Amino acid sequence: MSGEIEAFLDDTPGEVRGMVARDGRFERLIIQREDDPPQHRLGARCVGRVMEVEAGYRAAFVDLGVENAPGFLPLTKAATVREGDRIEVQVTAEPRERKGPTLRLTGPGQGAPRLLAPGPEVSALLAQWAPGVEVQTGLAAIQASWDAEEEALGQGDFFAEQGIDLAVQRTRALIAVDIDYAHLPGRDARKGRERANREGLKHAARLIRLAHWGGLVAIDLVGANLNPDAVMTAARSAFDGDGPVFGPLSRFGLLQLALPWGRTPIEDRLNDRDRRPSEMTRAIDLTRHLRHALLSDTTVARFTAVCSPQEAATAAPLIARLGLRAALRADPSVAPGRSDIVEG
């Protein structure tokens with residue numbers, strides 16, 4: 001896949017973010033927080049203790065040494081584990097919703113549940129996704145962090161130059177993608193539909209990847225009685241590297257595929273159970289805005305973050321790490337989520 005690649009690393013107290021963009025559109029957003037259990041990170045290797053074996057599910061729940069967060073271990077026909085066994089496992093999917101991490105059995109283990117090796121850090125992932133690209137930090141990375149988050153939490157996009165209106169929405173059952181096409185005067189309608197499907201598939205795959213979604217995907221393409229070979233070629237190119245399993249293309253223009261779960265979805269990472277930004281998310285965002293102000297104008301002696309007492313309690317240890325020019329003031333008249341950055 002051609003195109004100019006940019007990589008960004010935003011290291012704000014409490015959280016590290018990595019972003020990769022191609023031709024100005026974000027393809028990757030990875031968020032790692034300091035309070036995340038390292039045993040839950042994708043790729044982590046651990047010793048676990050089998051807590052319970054569910055014969056009906058052909059799976060086991062495994063204690064990884066993290067309170068109230070057992071891992072889920074699917075069992076193959078050849079694998080036999082019993083309650084109390086010590087085993088070595090690797091995380092193949094991070095926690096999502098109210099589910100713990102998914103594990104893969106790698107062999108027998110010894111001793112108490114513990115971390116053996118963590119999953120890769122953000123900097124290592126950026127080197128993997130954007131090899132040889134200089135990583136941008138500072139103000140550019142903070143802005144990229146905000147822009148990538150906004151796109152990851154969105155539900156589609158409109159591409160005026162191509163006449164494509166794309167909707168990508170996740171439900172409990174599946175990810176629904178709808179590609180709409182507004183025919184542009186003076187252009188071949190058939191070729192326009194083919195291009196809309198090709199570009200729509202590419203952007204749908206990008207947005208799903210950015211949001212860290214997996215599971216069943218149903219894509220409503222433009223038109224009916226489409227060329228299956230052309231559609232499948234475009235779909236395989238769009239989802240290349242994501243581990244897709246494709247179903248058949250229906251005569252109504254519906255394409256189905258399944259994607260493996262990997263990382264915690266961005267909305268789960270940032271929001272609490274009522275789908276609003278969590279207290280820690282608000283505290284880190286306040287810290288990031290204050291850091292942006294400090295970097296934007298180095299002539300100002302001090303910038304102060306003003307927020308609710310509840311947010312101040314969580315943000316205080318993070319903001320203290322920004323240095324002497326950073327200050328925090330708790331104001332009972334400020335509602336949670338309505339913080340501000342002021343001089344002085």
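Source: prediction; values computed, not measured.
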Novice: For the residue pair V62 and P70, establish whether any side-chain heavy-atom pair is separated by less than 4.5 Å.
Specialist: no

Novice: Please report the C-alpha distance between V47 and I87 in whole Å, then the side-chain angles of each, then the deciding distance to 0.1 Å, and finally whether the side-chain contact (heavy atoms from CB on, under 4.5 Å) criterion is met.
Specialist: CA-CA 6 Å; V47 169; I87 55 177; over 6 Å; no

Novice: Would you call R209 and L259 a side-chain contact if the rule is heavy atoms closer than 4.5 Å?
Specialist: no

Novice: Check whether more than 12 heavy atoms from other residues, nucleotides or ligands sit under 6.0 Å from atom CZ of R275, and answer yes or no.
Specialist: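 Enclosed: over 12 neighbouring heavy atoms sit under 6.0 Å from CZ of R275.
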
Novice: Counting C-beta onward and ignoring hydrogens, is there a side-chain heavy-atom pair between V217 and P244 closer than 4.5 Å?
Specialist: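 With C-beta onward as the side chain, the pair stays apart.
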
Novice: Is there side-chain contact between D268 and E97, with at least one heavy-atom pair below 4.5 Å?
Specialist: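 Yes. Closest side-chain heavy atoms under 4.5 Å.
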
Novice: Treating R45 as the side-chain partner and E88 as the backbone partner, does any N or O pair qualify as donor plus acceptor under 3.5 Å?
Specialist: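 Pair absent, no side-chain N/O of R45 close to backbone of E88.
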
Novice: Would R338 and E311 count as a salt bridge (charged side-chain N to carboxylate O under 4.0 Å, His left out) here? Give the steps.
Specialist: CA-CA 10 Å; R338 306 291 292 181; E311 289 179 356; over 6 Å; no

Novice: Using the test side-chain contact (heavy atoms from CB on, under 4.5 Å), find all partners of V66 that sit at least two apart in sequence or belong to another chain.
Specialist: P37, Q39, H40, A69

Novice: Can you name the side-chain contact (heavy atoms from CB on, under 4.5 Å) partners of Q136, sequence neighbours left out?
Specialist: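 Here the qualifying residues are E6, F8, A140.
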
Novice: Quick one: does R41's side chain have a donor or acceptor within less than 3.5 Å of a partner on P118's backbone?
Specialist: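 Flag not set: sc R41 to bb P118 has no pair under 3.5 Å.
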
Novice: Under a 3.5 Å distance rule, please check whether R325 uses its side chain to pair with a backbone N or O of L294 as donor and acceptor.
Specialist: yes

Novice: Okay, side chain of T233, backbone of D229: is any donor-acceptor separation there less than 3.5 Å?
Specialist: yes

Novice: Q128 versus L125: any side-chain heavy-atom pair under 4.5 Å?
Specialist: yes

Novice: A quick test of your reading: do over 12 heavy atoms of other residues, nucleotides or ligands sit less than 6.0 Å from CZ of R114?
Specialist: yes

Novice: Among D220, I164, V168, exactly one meets side chain to side chain contact (heavy atoms under 4.5 Å, CB included) together with I179. Which residue is that?
Specialist: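 Checked D220, I164, V168 against I179; only one passes side chain to side chain contact (heavy atoms under 4.5 Å, CB included): I164.
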
Novice: With no hydrogens and no angle check, is any side-chain donor or acceptor of T314 less than 3.5 Å from a backbone partner on M280?
Specialist: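 Not a single qualifying donor-acceptor pair exists.
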
Novice: Show the numbers, then the answer: is there a side-chain contact (heavy atoms from CB on, under 4.5 Å) between E15 and R288?
Specialist: CA-CA 10 Å; E15 176 180 276; R288 181 172 286 112; 2.7 Å; yes

Novice: Tell me yes or no: between the side chains of R33 and T281, is some donor less than 3.5 Å from an acceptor?
Specialist: yes

Novice: Out of the candidates F159, F26, F239, only one should pair with H203 under the ring pair (Phe, Tyr, Trp, His ring centres under 6.0 Å) rule; please name it.
Specialist: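 Result: among F159, F26, F239, F159 is the only option passing the ring pair (Phe, Tyr, Trp, His ring centres under 6.0 Å) with H203.
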
Novice: Would you say the side-chain atoms of S308 pair up with the backbone N or O of A335, donor to acceptor, closer than 3.5 Å?
Specialist: no

Novice: Is there a side-chain contact between F303 and D297 in this structure, where contact means two heavy atoms from C-beta onward sitting under 4.5 Å apart?
Specialist: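 Yes, at least one pair of side-chain atoms sits under 4.5 Å.
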
Novice: Quick one: closest heavy-atom pair of L210 and A152, and the distance?
Specialist: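 Closest heavy-atom pair between L210 and A152: CD2-N, 3.7 Å.
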
Novice: Could R25 and E199 be called an ion pair, given the rule that one side-chain N must be under 4.0 Å from one carboxylate O?
Specialist: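 Salt bridge flag = no for E199 with R25.
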
Novice: Donor-acceptor pair, R58 side chain versus T76 backbone, under 3.5 Å?
Specialist: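 It does hold such a pair.
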
Novice: Return yes if some donor-acceptor pair links the side-chain N/O of N197 with the main-chain N/O of V222 below 3.5 Å, else return no.
Specialist: yes

Novice: Give me the atom names and distance for the closest heavy-atom approach of G262 to L42.
Specialist: O-CD1, 4.0 Å

Novice: Just wondering, do E149 and L270 contact through their side chains at under 4.5 Å, heavy atoms?
Specialist: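 Yes, side chains in contact.
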
Novice: Distance-only, no hydrogens or angles: does the H212 side chain make a donor-acceptor pair with backbone N or O of T264 under 3.5 Å?
Specialist: yes

Novice: R104 and Q90: side-chain donor and acceptor closer than 3.5 Å?
Specialist: yes

Novice: Quick one: are R206 and K202 in side-chain contact, heavy atoms under 4.5 Å?
Specialist: no

